[in-house]
J.: 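Have a look at the structure that comes next, please.
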Amino acid sequence: MKNQVGIIELNRPERLNSLNRKMVSEILEALLAFESHEDIRVIVLTGNGKAFSAGADIEEMMGDNPISLELLDQFSDWDRLATIKKPIIGAVKGYVFGGGFELALACDLLIAAAGTEFSFPEVGLGVMPGAGGTQRLTKLVGRTKALEWLWTGKRISANTALNNGIINKIVASELLMEESMKLATILASQPPISLRLIKDSVNKAIDYSLHEGMQYERKNFYLLFGTEDQKEGMSAFVEKRKPNYQGK
Ligand code: CAA
């Protein structure tokens, strides 16, 4: 932890951080630990070595069958991952492939090192993404590009990812963590309950109609007037001083 920012680093570089089931469970455990840690306001998820992650561990899953997959129910970990309420910044570099791309898309904001490549290569293995890739990518870039990228498995450059709203920023490789921590520190200084309810409302925009979403947003707006941070933020403005948010 640094400045109220919790850092999770994928650490299986010899296999390009390919995600075996144990690793996905450990990522989830670390996220849940940070979620319930009072002093942590923002989470940064990153890789090491030459890949953020080259996707699900192919050797581990190659012997699976429909029933073993149903019984394993490995994607329930991915569902829980999507329930984290604190902001998650993905700091990605190198290969962001398959399940690694899905993990990146499950983050809230993404900063990529120059030269990062994104791809859904599953089609080349006779399968398809199973941890949200077809859904999250389509909602971000639209059906036409999603189908092209998923059907061909082509590599998407960081520039194309930026131009299509997949990532927030491209930075020099050696500045990846510094820039990600800068953004995380800005978020950590914001009122935590506002961040949480903004994430909640924005996520609802994906599933709800405009009318339902606006009703939902309104309730969250009202809720914030029950927080001490609303009093602090508005008093600080009137008193012309910097606010100090406590997350209450
Ligand atoms: N699963 C298991 N092992 C993997 C892996 C993966 N996804 N990706 C890389 N590795 C292993 C390699 O087998 C290799 O191991 P050895 O040293 O024992 O041979 C090691 O990591 C280093 O990889 P490479 O030598 O291949 O490195 P490279 O730089 O030449 O190539 C790459 C990099 C282009 C990313 C290539 O490794 C590759 O194509 N990997 C597979 C990518 C892929 O198909 N991902 C999708 C997985 S399916 C999925 O993710 C399903 C889902 O939606 C949940």
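Keep in mind that the numbers below use all heavy atoms, side chains included, and drop hydrogens, waters and symmetry copies. Order of listing sets the numbers, starting from 1, for every ligand and every atom in it.
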J.: Quick check: does any side chain N or O of D108 sit under 3.5 Å from a backbone N or O of I88, one acting as donor and the other as acceptor?
T.: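 Flag set: sc D108 to bb I88 pair under 3.5 Å.
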J.: Between N17 and A51 (side chain of the first, backbone of the second, donor and acceptor by atom type, cut-off under 3.5 Å), is there such a pair?
T.: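 Side chain of N17 to backbone of A51: a pair is present.
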J.: Count the heavy atoms belonging to other residues, nucleotides or ligands that lie under 6.0 Å from CD of E70, then report whether that count exceeds 12.
T.: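 Count not over threshold, so no.
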J.: Show the short N or O contacts, below 3.5 Å, that ligand 1 makes with protein N or O atoms; if there are none, say 'none'.
T.:
| residue | atom | partner | partner atom | Å |
| --- | --- | --- | --- | --- |
| ligand 1 | 1 (N) | A56 | O | 3.4 |
| ligand 1 | 1 (N) | I58 | N | 2.9 |
| ligand 1 | 7 (N) | A54 | O | 3.2 |
| ligand 1 | 7 (N) | A56 | O | 2.9 |
| ligand 1 | 15 (O) | R15 | NH1 | 3.3 |
| ligand 1 | 18 (O) | R15 | NH1 | 2.9 |
| ligand 1 | 29 (O) | K50 | NZ | 2.9 |
| ligand 1 | 29 (O) | Y95 | OH | 3.3 |
| ligand 1 | 45 (N) | A54 | O | 2.9 |
| ligand 1 | 50 (O) | A56 | N | 2.9 |
| ligand 1 | 50 (O) | G99 | N | 2.8 |
| ligand 1 | 50 (O) | E122 | OE2 | 3.4 |
| ligand 1 | 53 (O) | E102 | OE1 | 2.7 |
| ligand 1 | 53 (O) | E122 | OE2 | 2.9 |
| ligand 1 | 53 (O) | G130 | N | 3.3 |

J.: How many angstroms lie between CE in M23 and OG in S53, if you round to the nearest 0.5 Å?
T.: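 If we round to the nearest 0.5 Å, M23:CE and S53:OG are 6.0 Å apart.
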J.: Which word best sums up how the rings of F120 and F101 line up, parallel for under 30°, tilted for 30 to 60°, or perpendicular for over 60°?
T.: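 Ring orientation of F120 relative to F101: parallel.
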J.: With no hydrogens and no angle check, is any side-chain donor or acceptor of T138 less than 3.5 Å from a backbone partner on A146?
T.: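 No; zero donor-acceptor contacts below 3.5 Å.
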